[in-house]
*Asks:* 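Before we start, here is the structure in question, set down as C-alpha cells.
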Amino acid sequence: MTQVEAERLVELAKRRGFFLQSAGAYGGVSGFYTFGPQGAAMKRNVEATWRDRFAIQEGHMEVDAPTVLPEPVFEASGHLDGFDDMLVECPECGESHRADHIVEDTETGIEEAESLAPERIEEVIAEYELVCPTCGTGLAGQAIEQFNLMFETTIGPGSSSPGYLRPETAQGIFIEFPQLAEYARNQLPFGVTQIGRAYRNEISPRKSLLRVREFSQAELELFIDPEVDEPDLSAVGDVSARFYPAKAQDCEGGGVIETTIQKAVDNGIIADPWIAYYLGVAAEWYQRIGLDMDRFRFRQHRPGELAHYSEDCWDAEGDVSDPGKEPDWIELGGFAYRADYDLSKHDAHSEEDFTVFKQYDDPVTVEKPTVDPDMSYLGPEFGGAAGDVADALESLAEDTPDAFEGEDVTVEVGGDEYTVPVEKTGFAVEEMTESGEHITPHVVEPSLGIDRALYTALDHAYREDEVDGEERTYLSLPPEVAPTTVGVFPLMDKDGLGERAHEIADDLREAGFAVTYDDSGAIGRRYRRQDEVGTPYCVTVDYDTLEDGTVTIRDRDSTDQRRVAVEDLAATVEALVAGEETFATL
RNA sequence: GCGCCGGUGGUCUAGUGGUAUGACAAGAGCCUUCCAAGCUCUCGACCCGGGUUCAAUUCCCGGCCGGCGCACCA
C-alpha cells in the first residue's frame with residue numbers, strides 16, 4: 001500500500017467498477033465498500049472457487065446463517081466480554097491506550113486484565129499510579145472507555161431483546177451444531193462451511209478494502225474426534241509453500257522456509273496434521289485465484305498471539321507492496337485448532353447437547369453404583385429438602401460408593417446434615433452395558449477473508465506494459481475469477497459484422513460464459529478496455545468470418561491472436577479456461 | 001481516537017475573494033479491414049455546515065471523507 005501502484009489499482013478499481021467507497025453522495029462512510037459490476041462478478045467467482053475447493057471437493061456441507069443473532073449467543077462465545085477494548089485517554093498528550101495492557105505491563109502482578117471490570121482497572125491505575133506510556137503523565141482518575149467492536153441492534157420493538165451483527169460467521173455454525181450433527185448422521189468427522197458477511201465496528205478502517213467494517217468471510221468448521229480422526233495428508237503433501245515459523249520471527253534474520261506440506265510436517269514445522277492439511281488446501285486455492293505465491297506465506301502465531309484455547313495457529317499472508325519495495329504483509333486468513341472450546345461453551349450456556357455419541361467397537365460392561373431412594377420415606381422425613389437429599393445420595397453413590405456400606409448414610413445439603421438408613425436409599429451396584437460415550441468434537445477452523453483475497457488477487461494481477469509503443473494496463477487474472485471471460489467485437493459495425501458478432505456473443509452466453517459485447521470506437525480501444533478488467537480472451541468478427549466462418553481470438557497477456565472456426569469457439573474457450581489447452585499451442 | 005497533510009466533472013488535474021483550466025474517459029456523428037489514431041459536436045465538478053465579506057470553491061472554525069504516522073486489528 002501507500003505506493004504508487006496501489007493508488008493506481010484503487011483508481012482503476014473505482015473507474016472500472018471493481019469497488020468503490022459506499023454512500024459517496026452522502027459524504028461517504030468509512031469502512032464500507034460497494035462492489036461494482038466487475039467486482040461483484042469477480043467476488044462471485046472467487047467465492048465459487050472457494051466453495052468448490054473447501055466444500056464440494058472436500059464433501060462438506062454449506063449453510064447460510066443469519067447475520068443478526070441474539071445476545072446470549074455472544075455471551076456464550078465470549079465476544080461480549082472479550083471483544084471489547086478498554087481504552088484510557090491521556091489527559092496530557094491525548095493518546096489513547098489499551099487500559100488492560102497498561103495494567104498488565106507493570107508491577108501490578110496482573111497477567112490477564114481483559115476480564116477485569118473497568119472500575120477495577122481504574123482502581124488499579126490509581127493504586128499503582130500508572131502513567132501514560134507515551135508521555136509519562138499519570139492516568140489516575142481518567143475514565144475507562146469501553147469500546148465493543150460488535151454492532152449492536154435490537155430484535156423486535158423495544159430494547160428488551162438485544163442482538164448483535166455477527167463479528168465472524170463461525171458462531172452461526174456452532175450454535176446449530178446439534179442439528180448439523182444430525183444432518184451428518186452423527187458421524188465424525190464432518191465439515192460445515194459458510195460464506196457470508198461479518199461486521200466489526202473498527203476504530204479506524206484503513207487501506208481501502210483491507211480493513212473494513214463489513215466484509216465477507218469464508219469459513220470451514222471441521223468437527224473431528226481428536227482421538228481417531230486424521231487427515232489424508234497425501235492429498236496435499238506435495239503442495240509447496242513458504243512457511244514463517246514462530247521461532248524464525250523471534251530471532252534476527254529468521255528465515256522463511258519454502259518446502260512442501262509433507263516435509264513441513266515431518267520436520268515439525270507444523271505441529272498439527274489437520275492444520276497442515278488445510279494450509280495445503282488453502283495454498284492451492286490462493287494460487288488458483290491468482291496470487292503470486294512468491295508473495296505469499298504462512299506465518300505461525302507467536303506464543304503471545306495465540307488465543308488461550310488454541311495450541312497452534314497459522315495465518316495466510318499476502319504481500320501487497322509495490323515490486324521492489326519492502327514487503328507489506330496483510331493477513332488473508334487464519335488456521336486454528338480450536339479444540340472443544342466453542343462447542344463446550346455453547347453446551348454450557350444453552351439447553352442443547354453439543355456432543356456426539358461415540359459408539360465403542362465393543363460394548364463394555366461396568367459395575368455402576370446406583371440409588372433409587374424411597375421417596376415415601378424421604379418426603380415425610382425431610383420435607384422440602386427431600387429432593388435435594390435424593391440428588392446428594394445419587395452423587396455420593398457415584399463418587400464414594402463405600403459410604404453405603406454401613407447402616408446409615410449421611411449427606412450434606414445446604415449446610416445441614418441428613419442421615420438416611422441405607423435400606424431406604426435403594427443403593428445397589430448394577431452391571432451396566434455401555435455401548436459408547438458422548439464426546440465433544442474438536443474443531444479445526446480455516447477462516448478466510450474474501451475481500452482481502454480479492455484485493456490481493458487484483459494487486460498481484462496488476463500489470464503495466466507496452467504494446468506497439470503504447471502504454472497498456474491489464475489485470476492478469478485467472479480466467480476462472482475474471483469478471484468477464486470473453487469479449488466479442490465486430491471489427492466494424494457494418495456490412496453485417498455486427499449482426500454476426502451478436503450471434504456469436506449469444507451463442508457463447510448460451511454455452512455459459514460471461515460475455516461482453518462491444519462495438520464502440522476503434523478495435524484497439526476495445527481490447528484495452530477488456531485488458532483493464534482482466535478479460536482473458538477477446539473474439540473479433542471480421543470480413544473473413546463472413547467468408548470462411550472463422551474468428552480471431554486474442555490472448556490478453558500476450559496480445560497474440562489465432563484464427564478459430566466459429567463452431568469450435570465455445571469448446572476452445574472452455575479448454576483454455578480449464579487449462580486443458582494453452583494459447584501458445586493453439 | 002490523536003497528530004500531520006489533503007478533498008475541483010466518472011478519473012487525473014490547473015487555478016481563483018467576483019461560479020473554474022486541461023487531459024483522459026463517456027455519448028452522437030464522420031472516418032477506419034485488428035491493438036487507447038484523426039476530425040466535429042455533446043455531457044459533466046469546486047465534500048458538508050457555520051463564520052467573515054457586498055460577494056467564499058478560495059480565508060477562518062467545525063464536521064465528514066481520504067492518505068500517512070501513533071494506537072487498535074478479539
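Since the structure is predicted, the reported quantities are computational estimates derived from the model, not experimental observations. First the proteins, then the strands, lettered A, B, ... as listed; each starts at 1.
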*Asks:* Between B/rA45 and B/rG9, how far apart are the C1' atoms? Round to whole Å, please.
*Replies:* 4 Å

*Asks:* My understanding is that a pair needs two contacts under 3.5 Å, Watson-Crick or G-U wobble. By that rule, which nucleotide pairs with B/rC68?
*Replies:* B/rG3

*Asks:* What I want to find out is whether A/K43 reaches A/E47 closely enough, with some N-O distance under 4.0 Å, to be called a salt bridge.
*Replies:* yes

*Asks:* May I have the distance from A/D518 (atom CG) to B/rA26 (atom C1'), rounded to whole angstrom?
*Replies:* 12 Å

*Asks:* In whole Å, what is the span from the CD atom of A/Q21 to the P atom of B/rU11?
*Replies:* 12 Å

*Asks:* What is the distance from CZ of A/R211 to P of B/rC72, rounded to the nearest Å?
*Replies:* 10 Å

*Asks:* When rounded to the nearest Å, what value does the distance between P atoms of B/rU16 and B/rU8 take?
*Replies:* 16 Å

*Asks:* With a 4.0 Å cut-off on N to O distance, would you call A/R563 and A/D544 a salt bridge?
*Replies:* yes

*Asks:* In terms of relative ring orientation, are A/Y517 and A/H502 parallel, tilted or perpendicular, with 30° and 60° separating the classes?
*Replies:* parallel

*Asks:* How far does the P atom of B/rA26 sit from the matching atom of B/rG67, given to the nearest Å?
*Replies:* 27 Å

*Asks:* Can you tell me, in whole Å, how much space there is between the C1' of B/rC41 and that of B/rC4?
*Replies:* 46 Å

*Asks:* Taking protein heavy atoms under 4.0 Å as touching, what does nucleotides 35-42 of chain B look like 5' to 3' if B marks base contact, S marks sugar-phosphate-only contact and - marks none?
*Replies:* BBS-----

*Asks:* Could you say whether A/V541 or A/K14 is positioned toward the 5' end of RNA chain B, judged by the nucleotide with the nearest heavy atom to each?
*Replies:* A/K14

*Asks:* Are A/R500 and A/D495 within salt-bridge range, i.e. N to O under 4.0 Å?
*Replies:* no

*Asks:* Please state how far atom NZ in A/K207 lies from atom C1' in B/rG69, giving the value in whole angstrom units.
*Replies:* 11 Å

*Asks:* Is it true that A/R8 and A/E464 have a side-chain N and a carboxylate O under 4.0 angstrom from each other?
*Replies:* yes

*Asks:* When rounded to the nearest Å, what value does the distance between P atoms of B/rG50 and B/rA14 take?
*Replies:* 29 Å

*Asks:* Give none if B/rC30 has no partner; otherwise give the nucleotide forming a Watson-Crick or G-U wobble pair with it, both distances under 3.5 Å.
*Replies:* B/rG38

*Asks:* Nearest whole angstrom, please: distance from the P of B/rU33 to the CZ of A/F489.
*Replies:* 18 Å

*Asks:* What distance, rounded to whole Å, do you find between the two C1' atoms, one in B/rA23 and one in B/rA36?
*Replies:* 14 Å

*Asks:* When syn is taken as a glycosidic angle within 90 degrees of 0, is B/rU19 syn or anti?
*Replies:* syn

*Asks:* Counting only Watson-Crick pairs (N1-N3 plus N6-O4 or O6-N4) and G-U wobbles (N1-O2, O6-N3), all under 3.5 Å, who is the partner of B/rA14?
*Replies:* none

*Asks:* Looking at residues at least two apart in the chain, or sitting in another chain, which of them share a side chain to side chain donor-acceptor pair (under 3.5 Å) with A/T440?
*Replies:* none

*Asks:* How is A/S30 classified with respect to the nucleic acid when contacts are heavy atoms under 4.0 Å: base, sugar-phosphate, or nothing?
*Replies:* sugar-phosphate

*Asks:* Within this structure, what is the CG-to-P distance between A/L9 and B/rG67, rounded to whole angstrom?
*Replies:* 13 Å

*Asks:* With both distances under 3.5 angstrom, what nucleotide forms a Watson-Crick or G-U wobble pair with B/rU57?
*Replies:* none

*Asks:* Shortest non-hydrogen contact from A/E221 to A/A170?
*Replies:* OE2-CB, 3.2 Å

*Asks:* A/R206 side chain: which of B/rG67, B/rC65, B/rC34 is closest?
*Replies:* B/rG67

*Asks:* On a plain distance test, is the side chain of A/S204 in donor-acceptor contact with the base of B/rC72 below 3.5 Å?
*Replies:* no

*Asks:* Could you give the CG-to-C1' distance, from A/L497 to B/rU32, as a whole number of Å?
*Replies:* 13 Å

*Asks:* To the nearest angstrom, how far is A/Q530 atom CD from B/rA25 atom P?
*Replies:* 16 Å

*Asks:* With sequence neighbours left out, write down each residue that passes side chain to side chain donor-acceptor pair (under 3.5 Å) with A/Q300, or none if nothing qualifies.
*Replies:* A/D312

*Asks:* Could you tell me how far B/rC31 sits from B/rG22 if I compare only their C1' atoms? Round to whole Å.
*Replies:* 26 Å

*Asks:* Report the residue (A/V551 or A/E11) whose heavy-atom-nearest nucleotide on RNA chain B is the more 5′ of the two.
*Replies:* A/E11

*Asks:* Using purine N1 to pyrimidine N3 plus N6-O4 or O6-N4 for Watson-Crick, or N1-O2 and O6-N3 for G-U wobble, each under 3.5 Å, what pairs with B/rA45?
*Replies:* none

*Asks:* I'd like the C1' distance from B/rG7 over to B/rG62, given in whole Å.
*Replies:* 16 Å

*Asks:* So does A/E317 pair up with A/R299, basic N to acidic O under 4.0 Å?
*Replies:* yes

